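Note sheet for the following structure.
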Amino acid sequence: MKILVPVKRIAALEEDFEIRDDGRDVDGDFINWDLNEWDDYSLETAMQIKEAAGGEPEVVVVTVGPDDAEEVLRKCLAKGADRAIRVWDDALEGADQLAIARVLAGVAKTEAPDLILAGVQSSDHSHGCTGIALSALLDMPHAAVVAAMTYSAGDAKVRVQRELEGGMLHAVDVSTPAVLTIQLGINTPRYASLRGIKQAAARPIEELSAADLGADFASASRVRRMYVPEKSRAQMIEGSPAEQAARIAEIIREATGA
Amino acid sequence: MDNAASTATTSLYFAPEQITRVLFEGFASSAIYLFYIIGIAAIVVFCHGCYVQVRKYRRGAGDTASQAQIKDRLVAMVGTVLSHRTIKRRDTGAGHAHRLIFFGFVLLFIGTATITLEYDITARLFGFKFWYGDFYLWFSLVLDLAGVGLIAGMLYMMARRGWIKPPKLDYARPDREPGDPDFDRSGYRREDWAFLWALIIIAATGFVLEAARLVWLQDRPEVWTLRWWSPVGALLAEGMRAAGLGAEGAGSLRGGLWWFHGAIALVFIALIPRTKVKHIFTASGSLMFRDPLAAQRLPKTDPDAPSVGYAKITDLTWKHLLNLDACTKCGRCHEACPARAAGAPLSPRDVILSLREFANDALEKQSLPEEAKLDIHGKDVGQVFMETLWSCRTCMACVEICPVAVEHVPIIVQMRRKLVEEGQMEPLLQKTLQTIHKTGNSFGESKRKRAAWTKGLDFPVKDARKEPVDVLWFVGDYASFDPRNQKVTQGFARLLNQAGVNFGILYEGESNAGNDVRRVGEEGLYELLAENNIATLSSAGFKRIVTTDPHSFNTIKNEYPDFGGKYEIVHYTQMVLELIREGRLTPDRKLGYRTTYHDPCHLGRFNKEYDAPRALIEAVGCELVDMARSRDNSFCCGAGGGRIWIPDPVGKDKPAQIRMKEAAQIDGLEVFAVACPKDLTMFEDALKTTGNEGRFVVRELIELIEESMAPRQIAEEAVEAV
Amino acid sequence: MSGILVVAEHRQGVLRPVSLELVSAVQDVRGALGDKVTVAVIGAGARAHQQTLSMAGVDELVFIDTPDAEFDPEVTEAALAALAAEIRPSLVVVPHSVDSMGYAASLAIRNGYGFATDVFGVAADGAAVVATRGGYGQKVNVELEFPGASTVLLALRGGTWKPPVDAASPAARDFAFSAPASRSKNVEFISPPATNDVDMTAKEFILSVGRGVGEEDNIERFRELADTVGAALGCSRPVADSGWLPKSRQIGQSGKTAAQCKLYMAMGISGAIQHLAGMKHVETIIAVNTDPNASIFSVAKYGVIGDMFEIADELEKHFA
């Protein structure tokens, strides 16, 4: 039994960020990196399956990214993942999520996992498609936006609940091996103590170059321009809290006709 | 005392060797052998008990630091024990009673031991006898008085348990529900009474025995004439004679009582290592190995160890295992604990007692039980709840008041380290720790915004990383990012500027100091923060550090040295006082507010600075009225130990609210002064939620000082304008 | 130029409103990217939606019958692949929804389409599609192009375009394809826990609190405020996820839509896209937040930069 958990190092912008000179991305100086929030949940799901099965299932985390991306893999190792793989090639700079899915598919073909648990989306760009694109390349059954699941290592199918719009849930049986994209709130992710992360620094991270995987990594889109949108701006109510509240009270009375 | 005269009196009628204690007279030799057998058996049982206890402590982890300076430690311990300094605190009655019991017991013990020494050792081996004459007479008198003291002390303790019933002696546990096994710790209550009765019976039978012996030997002038040297015995003897007891009857009473008295005394001795009586040794030991910085400077961990913190009972150091046995359940910590007062499932005493019972259960056996049975975390009887550990605010109230140097806070933090390792914590706390790791501050703000508050000043603040300064100001998270505190922070900057102090800050180079992260138990993150700050500090040129934050103050002062960062650091109250005394700041407008001052835990209890803030209050012409609990007994605002990042349960008074209500009892209070950024946040909230808004205000001392300087500033500006 | 394919979405017999919004979305580019707008409905009983979809801007309705009335990602993907092979559209638009997250990426990567999700702007540069979406947590806009793709698949964000109002009579036909044996099986729909609490969709005045509320204790204070001002108390996802308020009070994509709301007051809500989805349409939005850059201010009519607790205290006085 093996579970593959693709994870992403996401970018959070600092407040006064600037767009790069070529106008296609944000200047890297203004980016803070972290493990994608959704991936915390997918890894936790994997860990819970592993622990429920007495620790036998192997949990492998994989990320596509440069050297610095190892940081997120260490965090995963600290949380209990058995192995970590990082794939990179400078040619992947600027690759879109479908290209990333192609790289991940290369890894998945070698690893042959029984279950792939991806996050629904990443908190930086929210494409929400890498996991499902990966399922296509592997021709595996899949379900997106899984908010609850029932599965024990080795089961032939997994019962998932997709979280639909408006809070409705849709229960679906998916045969395995399968690719699931995991939604926030499915569990409570465990904490990776800093000591754990430091100790994980000593553990090996398997490195692959995209070339090792021998596929082409075509993107399905290209950034033409990136810009800060002109935001329509609320009419700001100034003054002391008392004055502001007085104005709000007026607006409430107007709107409610009270 | 007139020794010469008394010697003259006694030797006038009797030869000195006649005047001595009658020991075995009247017993058959077989009875004397029997007594020796019982006596030796008691000593064997005692020794074995001691061996079992020592073996228990040795099953704990090592603690080399405590083994240094044994001689100094011994002297300090003896001083503490003899003076009863720690036992008197916040409970004078119990202190005096304990002193009577202690000295009574010690004298009686020495007395009995001396008899044995003479009869069984010096006399037998060397033919040397000293147990007669004046020595004996004085001895009788002293022992009689000791017995009176012991009984009096015991009676007070009985009255205290039976009638006065101070709440701290109620052993009911806040961490368990009624009906849970051992909810009220009734076993301890029974043991307390058994102990009291046993000692009082030993002492009382001693006196009756003495009286019976006097009546029995009333015909021997060397006994009867000198009977008033044993005043209590003599008094009782007079009573017996008046009641018609003759020498013969007294003789047989003496025979029975002799055995009764001797038997319980020997049983008592045999049981010392297995009952609360062992505190004679364990409390002394605990005091001897006292760490004066136990809560201020938490222990480092081994970065390569497979696990950290206290997970199993055997992870505790031998010293902490000894601490557990030292506890006498006096309840001072229970009374002082702010978490307990706020209804949290924590009493420091219960943590100690639970662990003690766990240790006795697991570690007194011939061989160690299997690993799984050593886990001290969990929901079973004897285990400590995670909720209990997370309730602690590490305010040090327990450690500070403990008369026997139990280190509750380090033990709790060590146990938290294990919980952190396993991620067993509030989700909000987990998030905050991740945020601190990511951004270096608990507010999740960008590093670049750390010095944003300086923009509100009309003078530049130096970057100490770029140019040398005299004073490096370590600002801290709350003072840097919290909007309310930023106003105070700007105020302090203005004060420094006005006083012409050459100061600077570290801008985005500063990280959270880590004091509270460490007390949460996230040691890895603490190390990271401390190492970052020390690296930044070592790249800056300065003479000393100042901070407005007592938490940062504590860790930089007491803990950074362990990581290679040794700096001179002062709290702002100390520095401002200095500036005022040097005439560089002149708060000349007398404010005249009726003011009370809340001692921040980390400034007061942790670092013993109680006076500088009070001197400042005086300097600005305010009338200081201390709350009932002040200085070392200050009541925590509830924000310590990372609790500022964990929401308090709904529906119960929080520590800060309890404190506000305490302050509100001061008639005509106008200002509740604080000297800590977290206090400002906690108490301004509590002021509102306790409905005291409008009655008095919460102010940082900095604000009071600025206020008292304001007119002068205006005056100067007016002069300039002219 | 071979037309535009719009994929309608329905669930439990009801057409999802976003379907018609997509029809509007493609009108601006229909000249540049293809004249014919085909709307496809997939699922057993698809014809039931014919009337609802017969709107201006639709040229043709295609109904694709499948074994199951409800969504199945593999069947949907196969149906669309077959239809696209026939009509060879230059642009395919689907709603950016939980369903499309289950098949769109797969469809795109298997067929070599240009692809982007959560798109809120569609334009044509010559005959090339240009899509605009947010990036870096919606802090920037990203314009995407799709070099070399003869078909571009875009998943469009709901609530961005207004649905067409005029009815029309587009041609309608059935389309048959060979449905693959699906490897997943629909079991049931589970409604969110019975709303014994309140129905937020029906409330006209909602006061919502977000992360800024800080701790569970403080909820009570805002419940009182809501009562005082006559509003229903709502919340954002983090508050509901923490269990401080029931899920039924959560406004947003995975919560409730403030459908009947006229006045929405957001306190301590930064305005994550998922929250905005449930309330940005409200006519009068008042936002209170300490962060002047909070994205809630971009949808609010009135903004207050300040402490939600202070404002709450002051506001209460006006309704005492």
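Note that this is a predicted model, so its numbers are computed, not measured.
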Is any residue of residues 92-101 of chain A within less than 4.5 Å of chain C by heavy atoms, and which ones? A:Gln97, A:Leu98, A:Ala101
Between [Y] and [X], is there a side-chain heavy-atom distance shorter than 4.5 Å?
X	Y	result
C:Phe115	A:Cys129	yes
C:Asp99	A:Arg162	yes
C:Val142	A:Arg224	no
C:Met265	A:Ile248	yes
A:His170	C:Asn186	yes
A:Glu165	C:Arg11	yes
C:Tyr136	A:Val26	yes
A:Met236	C:Tyr302	no

A:Asp22 CG: over 12 foreign heavy atoms closer than 6.0 Å: yes
Could you check which of [options] has the highest count of heavy-atom pairs closer than 4.5 Å to chain A?
options	value
C:Ala155, C:Ser295, C:Gly255	C:Gly255
C:Gln138, C:Glu188, C:Glu316, C:Glu310	C:Glu188
C:Gln253, C:Glu145, C:Gln250, C:Lys262	C:Glu145
C:His96, C:Arg16, C:Arg133	C:Arg133
C:Asp291, C:Thr284, C:Ile286, C:Asp118	C:Ile286

Is it the backbone or the side chain of [X] that comes under 4.5 Å from a heavy atom of chain C, or both, or neither?
X	result
A:Gln183	side chain
A:Ile31	side chain
A:Ser123	backbone
A:Ile19	side chain
A:Glu238	neither
A:Ala11	both

Mind ranking [options] by heavy-atom pairs under 4.5 Å with chain C and telling me who comes out on top?
options	answer
A:Arg159, A:Gln121, A:Lys157	A:Arg159
A:Val228, A:Leu164, A:Val223	A:Leu164
A:Ala178, A:Ser175, A:Ala12	A:Ser175
A:Asp25, A:Thr181, A:Ile10	A:Asp25

For residues [X] and [Y], report the shortest heavy-atom separation together with the two atoms involved.
X	Y	value
A:Val145	C:Met101	CG2-SD, 3.9 Å
A:His125	C:Gly135	ND1-CA, 3.5 Å
A:Gln244	C:Ile305	NE2-O, 3.8 Å
A:Ala171	C:Ile190	CB-CD1, 4.2 Å
C:Gly303	A:Ala234	N-CB, 3.7 Å
C:Gly102	A:Ile132	O-CG2, 3.6 Å

Spacing of [atom1] belonging to [X] relative to [atom2] belonging to [Y], to within rounding of 0.5 Å:
X	Y	atom1	atom2	answer
C:Ile285	A:Ile251	CD1	CD1	12.5 Å
A:Ser221	C:Leu154	OG	CG	10.0 Å
C:Leu263	A:Ile252	CG	CD1	6.0 Å
A:His142	C:Arg183	NE2	CZ	8.0 Å

Closer than 3.5 angstrom, by distance alone: can the side chain of C:Glu314 be matched with the main-chain N or O of A:Ala246 as a donor-acceptor pair? no
Does C:Thr117 reach the main-chain N or O of A:His127 with its side chain, forming a donor-acceptor pair under 3.5 Å?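 Checking the backbone N and O of A:His127 against the side chain of C:Thr117, a donor-acceptor pair under 3.5 Å is found.
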For [X], is it the side chain, the backbone, both, or neither that has a heavy atom closer than 4.5 Å to a heavy atom of chain A?
X	answer
C:Gln12	side chain
C:Ser100	neither
C:Ala149	neither
C:Val130	side chain
C:Leu144	both

Is the charged tip of A:Arg253 near the ring of C:Phe319: under 6.0 Å from the six-membered ring centre and within 45° of its axis? yes
Does C:Phe146 have A:Arg222 sitting over its ring (NZ/CZ under 6.0 Å from centre, angle to axis within 45°)?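 No.
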I'd like to know if C:Arg110 and A:Asp139 make a salt bridge, using a cut-off of under 4.0 Å between side-chain N and carboxylate O.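 Yes, this pair counts.
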Side-chain ion pair, A:Glu163 and C:Arg237, N-O less than 4.0 Å: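 Judged by the 4.0 Å cut-off on N to carboxylate O distance, A:Glu163 and C:Arg237 do form a salt bridge.
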